[in-house]
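Presented below is the structure to which this report refers.
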Amino acid sequence: MEKNILIIERNIEAVFFYKQLLQVHGYAIDHVSSDSQLLKYDFSIPDLFIINSRFLTLNEWEICQHLKGSPLTKNIPVIIISGTPDIADVARRCAAVFMEKPFISADLLATIKRCLDNVQ
């Protein structure tokens, strides 16, 4: 069965990159591009979240805390992708996986697979 991944990202070019990469590997991709959309849960509940961007009013920690604090999404794995190495501490504190930019596509695919396999 196809797994659904929700990309949390403001930049449409980055969303396009993720869609191109991940759909080829059998994942269904949706995205959230605003904090209001995220806070209202205006999306279908996915199998995995990828946080690739902070929003205007929410940073990676606040986004992750929001997701992990809700009964709807608390058990869904989260991957935080950032070019800021100190975000690794944020990821650990909110039980997310951290990937530093730039990354190799094969590493992202392996991380996604590992996260989804651990949910079963």
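No hydrogens, no waters, no symmetry mates; every other heavy atom, side chains included, goes into these values. Quick caveat, the model's predicted, so the values are computed rather than measured.
Applying the disulfide (SG to SG under 2.5 Å) test to residues at least two apart or on different chains, the pairs with a partner in residues 44-112 are C64-C94. Legend: disulfide (SG to SG under 2.5 Å) pairs involving residues 19-53, not counting sequence neighbours: none detected. Each ring-ring contact (aromatic ring centres under 6.0 Å, His included) pair with one or both residues in residues 59-115, not counting sequence neighbours, appears once here: Y41-H66. Listed by first and then second residue, the side-chain hydrogen bond (donor to acceptor under 3.5 Å, both in side chains) pairs that reach into residues 22-31 come to none, sequence neighbours excluded. The salt bridge (Lys or Arg N to Asp or Glu O under 4.0 Å) pairs that include a residue from residues 64-92 are D89-R92, where partners are two or more places apart or lie in different chains.
To the nearest 0.5 Å, atoms CG (L48) and SG (C115) are separated by 6.0 Å. For the atom pair L39 CG and E62 CD, the distance stands at 9.5 Å (nearest 0.5 Å).
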Could you list the donor-acceptor pairs under 3.5 angstrom formed by side chains in residues 5-20, with sequence neighbours left out?
{"from": "E9", "atom 1": "OE1", "to": "N52", "atom 2": "ND2", "distance (Å)": "2.3"}
{"from": "E9", "atom 1": "OE2", "to": "N11", "atom 2": "N", "distance (Å)": "2.6"}
{"from": "R10", "atom 1": "NE", "to": "R54", "atom 2": "O", "distance (Å)": "3.2"}
{"from": "N11", "atom 1": "OD1", "to": "E13", "atom 2": "N", "distance (Å)": "2.7"}
{"from": "N11", "atom 1": "OD1", "to": "A14", "atom 2": "N", "distance (Å)": "3.0"}
{"from": "Y18", "atom 1": "OH", "to": "N52", "atom 2": "OD1", "distance (Å)": "2.8"}

Expected list for residues 106-114: side-chain donor-acceptor pairs under 3.5 angstrom, two or more places apart:
{"from": "T111", "atom 1": "OG1", "to": "D107", "atom 2": "O", "distance (Å)": "2.8"}
{"from": "K113", "atom 1": "NZ", "to": "D117", "atom 2": "OD2", "distance (Å)": "2.7"}

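The neighbour count for I104 CD1, taken as heavy atoms of other residues, nucleotides or ligands under 6.0 Å away, does not exceed 12.
Under the side chain to side chain donor-acceptor pair (under 3.5 Å) criterion, S33 pairs with no residue at all, not counting sequence neighbours. Not counting sequence neighbours, the partners of S36 by the side chain to side chain donor-acceptor pair (under 3.5 Å) test are S34.
The shortest non-hydrogen separation linking V97 to A91 is C-CB, 4.2 Å.
Residues L72 and S70 have side chains in contact (heavy-atom distance under 4.5 Å, counting atoms from C-beta outward).
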